[in-house]
Amino acid sequence: MSTISLSEKPFVLIDGSSYLYRAFYASPPLTNASGQPTGAMYGVLNMIRSMLNEVNPDYLAVVFDAKGKTFRDELFAEYKSHRPPMPDDLRSQIEPLHKMINSLGLPMLVIEGVEADDVIGTLAVQASKAGQSVLISTGDKDMAQLVDEKIHLINTMTNTYLDAQGVQDKYGVGPELIIDFLALMGDTSDNIPGVPGVGEKTALALLQGLGSIETLYDNLDKISELSFRGAKTMAAKLEEHREMALLSQRLATIKTDVSLSIEWKDLTLRPMNKDALQTDFAHFGFKRWLKELDAGEFEQKFLQKKGMTAQNHSAHSDVLFEETIKATALSSELYETLLDKTRFDAWLLELNAAKYFAFDTETDSLDTLTANLVGLSFAFEAGKGVYIPIGHNYVGAPSQLDKKYVLNSLKPIFENPNSYKIGQNLKFDFAILKQHGIMLQGIYFDTMLSSYVLNSVSRRHDMDSLSEKYLDHKTTTFEDIAGKGKAQITFNQVPLDIAANYAAEDADITWRLYEKMSALLDSEPELKQVFNKIEVPLLSVLARMENTGVLIDANMLLVQSKVFSEELQQLEEQAYQVAGKMFNLASPKQLQEILFDDLKLEPQKKTPKGAPSTNEEALEALADKHELPKIILRHRSVAKLKNTYTDKLPLMIHSKTGRIHTSYQQAVAATGRLSSTDPNLQNIPVRNEDGRRIRQAFIASPECVVLAADYSQIELRIMAHLSQDEGLLRAFSNGLDIHKATAAEIFNVPVEEVNNDQRRSAKAINFGLIYGMSEFGLAKQLNISRQDAKLYMQRYFERYPGVLDYMQRTREFASEHGYVKTLEGRRLYLPEIRSSNGMRRQAAQREAINAPMQGTAADIIKLAMIAVDNWLAEDAHLGIKMVMQVHDELVFEVPRAHLERATDKIKMLMESAMTLDVPLQVDVGVGNNWDEAH
């Protein structure tokens, strides 16, 4: 990629539709005071403002897609048909956005029957032919086909720039072959079909080997001579799908001859309509811009960069813009592989001098207990990556630096707390280094965790996704270099020249993401506190817990598996007898036939395809109408426990440690709670006999016991704090049984006279309300009439009016801001909170009420884990180990000699993890196994 030369002001074409979608999905869901969505408008205007600051053009157009179909829909009915409808929250922002763009004096075009790309292409070619340089601002790869000597692209979201060489470097083909590139491999974003079986690599091999689609079809006999997988059968495939390839080519081609009533020279900036902007900025809550308008500064700042005035901007813009691009352009030219001791020692001095650096470990396995370290990569400047191979051992691998020498040299830096480390999923790297005798300190920034803190609703926090989102760069994936499935090789077998670029890119991308994402966190102080105070310190705590593992009694589980097997066989025989015939209990289709055709039961739910549902909820609704659904439900429950736990857990005992080592997922649950995999400890039933039998198999080492410390009614206590309801605050502060206290209020009886049924009902209400349960849901759970359920809820809110007030305040806050917060400031975005779909909106409102409690509970136990881990490190001689975190519970393995000290200290640290207006209470249990302790 090159740098931009602005010796001549370019004609700027802004792809408004690209801006619109990127702003909507990349920005937090902002709203004005009346709850109207504003995030996309603000984002688009901000990007336009940034563009004008950089270039200060004389000619400009902002181009949007028009409503309705285009000529491409006539060519191919499926064109873009897979795209979901535009979200209501985005659609409502388009008209006012267009109005504000016009008020800014910016030429705007919306042409029916064609796409924005075609309008941009037509104007760009017009200007290019006239000798005018053109700069297209877009994030759309299709536009690369327009690039020539005069037409270049800029992506303002990432400040990446493409001229003809840039297109070649990024896509592997020049601008003249981009259309054919898209036509051969297809384009999922636009539903361009492409040629079946031709992906990106094959398309590149064809185009680089022979040339354009026309050339390919003129030389089908030469394709078999090309060196790529499938070359021998590719000619026949292309011939078979010739029509599809040519159609895809037409669909991918941007029109450059759209009939327009204006020419590029007509598209000049007009004076701003400040009165209209003032009204709109005030209405939509753009307070900073409104303040600038009122002070007479907005027009100047709209064309200003780094203190420069509109008059002198043009003279210096070349330097400023070039600096920006140089700082962010993605290139592997400066990646280096260190194979020489002299060069390694010299580089080590540079690393020592770097206060911050990004690094990544490369291994031959994902099992942190046994993985061999194959190499390490580092970056402390964008564009410069270093790879140090120490374990590539394939036949013919070049000589590499001595592993022991490299690790001994790096150990003081890794263990220096004043040397700040940056990584992506550093929990893995922490564990790998620990196995190689290095205790990583100075953990400063984790890009995966920063993405999670910025928006936990997103499920994509992996480096490849973050690179595309924040850097507009498609990374080399592990499968790209190691293959897929059974043919996949381990990293130590990957040829060094390929492995080095991949590894150095990982470190380089991580550094670039840090630069982008740390700035985002700096702009959000509350989220930055969650990141620095909770998530970053926690990652090493989790790594230590995973490394410690938990001891289980495999024989006990095998005995329980046999019991489950016998029960499953009995249940199958019962099901056959009740159904009157044999059938596959695991087959939804066969079960549908028996329940609804043979037994004539009335379906309670439908599948998305309209068939009667046999899922758990549907069977539970049928269970009081017939015996068979009960049998099926029990069979499913037992089979799940057997397959997931009693059969599987003994096989998961690690050969090196004799323990099970779960993996804690820190960036998955939207509320901030931890989850675990391999095995999933969160799903072991707590209150039934089956779950208890499985928990009995979790044991302690000889001379040790299991200690379980569980927060009592933590979400209800958080509700009391958040709602400031006097009744709840008083009940918890006085140490009352909250469910009895609630029952006494609802049923108007003294606390000492509350019976078990009344307490059970009150408990269902207490927990149901914090999950947004309706009167219908409460009636169903307590098996009472809706009228009684409504009466109970009315009495509850009469006795605890603060709770009702909290719920209303929370709904209003969520509707206004698009998110809710925990006490520590963690955010949970609620995309459906302003949905026009009533059911989705109500679901989001229920989520809004519960999320601050779940999220705060998650923050509390994470803070407790950090505090306990710090104590365990200080008193390591005690031999106390934190082995599991499940829901609101921490589980420890404690030497009997230190049990009293452990009990007191753990309880104190957990109860003081956060200060609320009611006391936190931790119940501690001790036993020979987890069930006895729980």
Side-chain angles (χ1 to χ4, degrees), residues 604 616-617 620-621 623-624 669-671 673 682 685-688 710-725 727-729 731-732 736-749 751 754-811 814 820 822 828 830 833 838-858 887-888 918:
Q604 302 296 301
E616 186 174 343
E617 186 180 349
E620 284 176 350
D624 59 351
T671 56
R673 285 196 178 273
Q682 319 289 330
V686 179
R687 294 179 178 85
N688 65 30
D710 194 3
Y711 281 108
S712 173
Q713 301 169 343
I714 189 167
E715 290 185 17
L716 292 177
R717 292 171 189 272
I718 295 166
M719 167 65 92
H721 176 90
L722 290 171
S723 68
Q724 288 294 295
D725 183 88
L728 285 180
L729 291 172
F732 278 119
L736 300 180
D737 179 328
I738 190 63
H739 302 313
K740 276 193 171 184
T742 299
E745 295 286 355
I746 293 174
F747 298 108
N748 199 25
V749 296
V751 171
V754 170
N755 61 38
N756 288 337
D757 286 341
Q758 290 170 329
R759 186 183 184 278
R760 182 174 63 85
S761 297
K763 183 176 181 180
I765 295 171
N766 276 330
F767 284 110
L769 289 178
I770 65 175
Y771 284 94
M773 183 183 286
S774 65
E775 60 188 53
F776 174 78
L778 182 62
K780 184 178 178 182
Q781 181 164 335
L782 295 180
N783 197 25
I784 58 177
S785 69
R786 288 188 66 175
Q787 187 175 359
D788 284 345
K790 183 177 181 180
L791 178 63
Y792 288 176
M793 292 176 73
Q794 283 176 343
R795 287 180 181 172
Y796 181 94
F797 288 128
E798 286 171 3
R799 302 302 194 274
Y800 301 121
V803 175
L804 186 62
D805 180 60
Y806 160 77
M807 290 179 169
Q808 185 57 36
R809 282 187 286 111
T810 303
R811 290 190 194 99
V820 288
T822 69
L828 172 68
L830 302 158
I833 196 67
M839 290 182 66
R840 291 181 181 176
R841 186 173 62 254
Q842 289 166 16
Q845 288 174 348
R846 289 194 296 272
E847 193 176 359
I849 291 167
N850 177 248
M853 285 171 280
Q854 273 210 43
T856 298
H887 304 303
D888 300 319
V918 296

Margin query: If you define the side chain from C-beta out and look only at heavy atoms, does anything of Arg673 sit under 4.5 Å from Asp888?
Written below: yes
Check: Looking only at heavy atoms, which two atoms of Ala741 and Ala731 are closest? And how far apart?
Finding: CB-CB, 4.3 Å
Notebook entry, point to check: Is the count of non-hydrogen atoms from other residues, nucleotides or ligands lying under 6.0 Å from Asp624 atom CG greater than 12?
Noted result: yes
Check: Does some side-chain heavy atom of Phe732 sit less than 4.5 Å from a side-chain heavy atom of Leu716?
Finding: yes
Checklist line | Side-chain touch Asn748/Arg795, heavy atoms, less than 4.5 angstrom | finding: no
Next item on the list: Name the orientation class of the two ring planes belonging to Phe767 and His739 (parallel below 30°, tilted from 30 to 60°, perpendicular beyond 60°).
Entry: tilted
Notebook entry, point to check: Has the side chain of Gln854 got a donor or acceptor atom that lies under 3.5 Å from a matching backbone atom of Ala851?
Noted result: no
Next item on the list: Look at the side chain of Arg717 and the backbone N and O of Ser712, then say whether any donor-acceptor pair between them is shorter than 3.5 Å.
Entry: yes
Margin query: With rounding to the nearest 0.5 angstrom, report the CG to CZ distance, Leu769 to Phe797.
Written below: 4.5 Å
Next item on the list: With sequence neighbours left out, write down each residue that passes salt bridge (Lys or Arg N to Asp or Glu O under 4.0 Å) with Asp710, or none if nothing qualifies.
Entry: none
Next item on the list: Might you work through the side-chain contact (heavy atoms from CB on, under 4.5 Å) test for Glu847 and Val820, ending with a clear yes or no?
Entry: CA-CA 9 Å; Glu847 193 176 359; Val820 288; over 6 Å; no
Notebook entry, point to check: What heavy-atom pair brings Val754 and Ala743 nearest, and what distance separates the two atoms?
Noted result: CG1-CB, 3.6 Å
Check: Hey, what do you get for OG1 (Thr822) to CG (Leu828), rounding to the nearest 0.5 Å?
Finding: 10.0 Å
Check: Nearest heavy-atom pair of Ala848 and Ala814: which atoms, and what distance?
Finding: CB-CB, 3.9 Å
Checklist line | Taking every non-hydrogen atom, the tightest pair across Ile738 and Asn766 | finding: O-ND2, 3.7 Å
Next item on the list: May I ask you to test the Ser723-Asp805 pair for a side-chain heavy-atom distance under 4.5 Å?
Entry: no
Note to self: So which atom in Met853 and which in Ile718 form the shortest heavy-atom distance, rounded to 0.1 Å?
What the structure shows: O-CD1, 3.6 Å
Margin query: Rounded to the nearest 0.5 Å, what separates atom CD in Glu775 from atom CD in Gln794?
Written below: 8.5 Å
Notebook entry, point to check: How long is the gap from CD1 on Ile784 to CG on Leu778, to the nearest 0.5 Å?
Noted result: 5.0 Å
Margin query: Set out, in order, the CA-CA distance, both residues' side-chain angles and the distance that settles side-chain contact (heavy atoms from CB on, under 4.5 Å) for Asn755 and Gln758, then state yes or no.
Written below: CA-CA 5 Å; Asn755 61 38; Gln758 290 170 329; 3.1 Å; yes
Note to self: Testing the basics here: between Leu729 and Ala720, what is the closest heavy-atom pair and its distance to 0.1 Å?
What the structure shows: CD2-O, 3.5 Å
Note to self: A side-chain contact here means heavy atoms from C-beta on lying under 4.5 Å apart; do Asp737 and Arg759 qualify?
What the structure shows: yes
Next item on the list: Supply the atom-to-atom distance Ile746 CD1 to Tyr800 OH, rounded to the nearest 0.5 angstrom.
Entry: 7.0 Å
Item checked: Thr856 vs Ile714 side-chain heavy atoms within contact, under 4.5 Å -> no
Next item on the list: Look at atom CZ of Arg809 and say whether more than 12 heavy atoms of other residues, nucleotides or ligands are closer to it than 6.0 Å.
Entry: yes
Checklist line | Pairwise side-chain contact, Gln845 with Ile833, heavy-atom cut-off 4.5 Å (strictly under) | finding: yes
Margin query: Can you confirm whether Asn688 is buried at CG, in the sense that more than 12 heavy atoms of other residues, nucleotides or ligands lie under 6.0 Å from that atom?
Written below: yes
Next item on the list: To the nearest 0.5 angstrom, please state how far the CD1 atom of Ile765 sits from the CG atom of Leu782.
Entry: 6.5 Å
Item checked: Glu616, CD atom: more than 12 neighbouring heavy atoms under 6.0 Å -> no
Check: When you measure from the side chain of Gln682 to the backbone N and O of His887, does any donor-acceptor pair fall under 3.5 Å?
Finding: yes
Notebook entry, point to check: Taking side chain as C-beta onward, heavy atoms only, is Glu745 less than 4.5 Å from Tyr796?
Noted result: no
